[in-house]
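Protein chains get the first letters and strands the later ones, always in sequence-line order, with residue 1 at the start of each.
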There are 2 protein chains.
Amino acid sequence: MSSYQEILQNNNLKATHQRIAILEAIDHAGHIDVDKLFKNLRKHFPTLALGTMYRNLSEMSDKHILLEVTLPGQKVKYELKKEPHIHLVCNWCGKIEDRILDIEDKIKECEEENDFTVLDSNIVFTGLCKKCQDQKKV
Amino acid sequence: MSSYQEILQNNNLKATHQRIAILEAIDHAGHIDVDKLFKNLRKHFPTLALGTMYRNLSEMSDKHILLEVTLPGQKVKYELKKEPHIHLVCNWCGKIEDRILDIEDKIKECEEENDFTVLDSNIVFTGLCKKCQDQKKV
DNA sequence: ACTTAAATAGGAATTATTCCTATTTAAAAA
DNA sequence: TTTTTAAATAGGAATAATTCCTATTTAAGT
């Protein structure tokens, strides 16, 4: 369990207030896009520059501290990189949930059949979450 | 096997030269982003407007004629919607390949464990294609 | 051919992202 | 603790991406 400060320093990045605030805000939100993030941070950090946001989101993604979550027709969202997981996205309420799903067998299958070395995977299932299933029944 | 004209008309879209050219170009390229598509089409279609491109890519995606392929750190790419498939993306040469992979069991598993109704899936494996594996050995 | 609703071209307006540089700051050294 | 310095930031300009507007054109039904 390492602090944001440690995470940054382990990646040769100075632990600036701005970076720590960005990581805190992303961790708190779960998945968040540039605009929402910027508006949230500005409240407590009025001088934060948009360029600083873009630069840091990009740097921290390059260093695998953050992960970009891309969904068709939506702005890129950022999340803290933790254990590998898939995303469940509700078409109705838009909520994004993280779930663990073991897909080692599928990766093996894919590698053997295609002469392809899989290094990473990105899986999104879209559909209806519990709450929205229930509401649509009513 | 239906023509572009039929596909468009079945979706209540007029079969304009522009739309047919866009579909042809995407089909030919496999996966292509707005800029490359526009530059290609302009060669044979000098009056094509960028707004027309954006409008049509968006409309045809809404109608599920096209599919947006989103990969972190890259521009959105478009492909013709055909049978469901996953994407293999080579980290080294960037090539995107389509592959069939049966994941019904994983979807079932995910639905049962999470009270989530899966309607669609989007799977990307990134790694090294055959050609690039070989080249890195040398 | 005629009609008409839909689509386009072209460009303006808006939004998103990157770039530039003087100033500030984190953190290592003294 | 102060000093030093390379790295990072703020602020704004520049560029790129996308959407919007409207007069004109066109697909396709009559």
Peer 1: At less than 4.0 Å, is any side-chain N or O atom of A:Lys75 found next to OP1 or OP2 of C:dA16? Yes or no.
Peer 2: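 For C:dA16, OP1 or OP2 has a side-chain N or O of A:Lys75 closer than 4.0 Å.
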Peer 1: Of B:Gln9 and B:Leu50, whose closest DNA chain D nucleotide lies nearer the 5' terminus?
Peer 2: B:Leu50
Peer 1: For DNA chain D, note the earliest and the latest nucleotide, 5' to 3', having some atom under 4.0 Å of a heavy atom belonging to chain A.
Peer 2: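 Contacts span D:dA6 to D:dG11, reading 5' to 3'.
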Peer 1: Quick one: on DNA chain C, does B:Arg42 or B:Leu13 contact a more 5' nucleotide (nearest heavy atom)?
Peer 2: B:Leu13
Peer 1: Within this structure, what is the CG-CD distance for the pair B:Leu57 and B:Glu68, rounded to the nearest 0.5 Å?
Peer 2: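 Rounded to the nearest 0.5 Å, the CG-CD separation comes out at 8.5 Å.
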Peer 1: How would you label the contact of A:Leu48 with the nucleic acid (heavy atoms, under 4.0 Å): base, sugar-phosphate, or nothing?
Peer 2: sugar-phosphate
Peer 1: Would a distance-only check, ignoring hydrogens and angles, find a side-chain to backbone donor-acceptor pair under 3.5 Å from A:Thr126 to A:Val89?
Peer 2: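 Side chain of A:Thr126 to backbone of A:Val89, a donor-acceptor pair under 3.5 Å: no, none is there.
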Peer 1: Mind checking side chain to side chain donor-acceptor pair (under 3.5 Å) for A:Ser61 and listing every partner two or more places apart, or none if nothing turns up?
Peer 2: none
Peer 1: Taking only residues at least two apart or on different chains, which pairs with a member in residues 75-88 of chain B satisfy salt bridge (Lys or Arg N to Asp or Glu O under 4.0 Å)?
Peer 2: B:Asp27-B:Lys82, B:Asp35-B:Lys75
Peer 1: Under the rule for ring-ring contact (aromatic ring centres under 6.0 Å, His included), what residues qualify as partners of A:His31, not counting sequence neighbours?
Peer 2: A:His87
Peer 1: Do any of residues 52-71 of chain B sit with a heavy atom less than 4.0 Å from DNA chain C, and if so which?
Peer 2: B:Thr52, B:Arg55, B:Asn56
Peer 1: Got a sec, which pairs hit salt bridge (Lys or Arg N to Asp or Glu O under 4.0 Å) with one end in residues 36-53 of chain A, sequence neighbours left out?
Peer 2: A:Asp33-A:Lys36
Peer 1: Let's see if you get this right: which residues in residues 18-40 of chain B place a heavy atom under 4.0 Å from DNA chain C?
Peer 2: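 Residues of residues 18-40 of chain B that come under 4.0 Å of DNA chain C are, in numerical order, B:Gln18, B:Arg19.
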Peer 1: Apply side chain to side chain donor-acceptor pair (under 3.5 Å) to B:Asn114 and list each qualifying residue two or more places apart in sequence or on a separate chain.
Peer 2: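 Scan of B:Asn114 (side chain to side chain donor-acceptor pair (under 3.5 Å), adjacent residues dropped) gives A:Arg99.
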Peer 1: Would you say B:Ile96 and B:Ile26 are hydrophobically clustered, going by side-chain heavy atoms of ILVMFWY under 4.5 Å?
Peer 2: no
Peer 1: Considering non-hydrogen atoms only, spot the tightest contact between B:Thr70 and A:Leu71 and give its length.
Peer 2: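 In this case the closest contact between B:Thr70 and A:Leu71 is OG1-N, 4.0 Å.
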Peer 1: Where each residue is assigned the nucleotide of DNA chain C containing its nearest heavy atom, which of B:Lys14 and B:Phe45 is assigned the position nearer the 5′ end?
Peer 2: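 Here B:Lys14 is the residue nearer the 5' end.
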Peer 1: State which residues pass side chain to side chain donor-acceptor pair (under 3.5 Å) with B:Gln9; sequence neighbours excluded, sorted by chain then number.
Peer 2: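 B:Gln9 satisfies side chain to side chain donor-acceptor pair (under 3.5 Å) with no other residue.
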Peer 1: Taking side-chain contact (heavy atoms from CB on, under 4.5 Å) as the definition, give me every residue that meets it alongside B:Thr117, ordered by chain and number, with sequence neighbours left out.
Peer 2: A:Leu128, A:Gln133, B:Glu111, B:Leu119
Peer 1: Mind listing the side-chain donor-acceptor pairs of residues 10-18 of chain B below 3.5 Å, one per line with the distance, residues two or more places apart or on another chain?
Peer 2:
residue : atom : partner : partner atom : Å
B:Asn10 : ND2  : B:Glu6  : O            : 3.2
B:Asn11 : ND2  : B:Ile7  : O            : 2.8
B:Thr16 : OG1  : B:Arg19 : N            : 3.1

Peer 1: When the C1' atoms of the five terminal pairs at each end define the local axes, what inter-axis angle does the helix from C:dA1-D:dT30 to C:dA30-D:dT1 show, to 10 degrees?
Peer 2: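 Answer rounded to 10°: the end axes differ by 40°.
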Peer 1: Minimum heavy-atom separation for B:Phe125 and A:Cys110, please, with both atom names.
Peer 2: CD1-SG, 3.8 Å
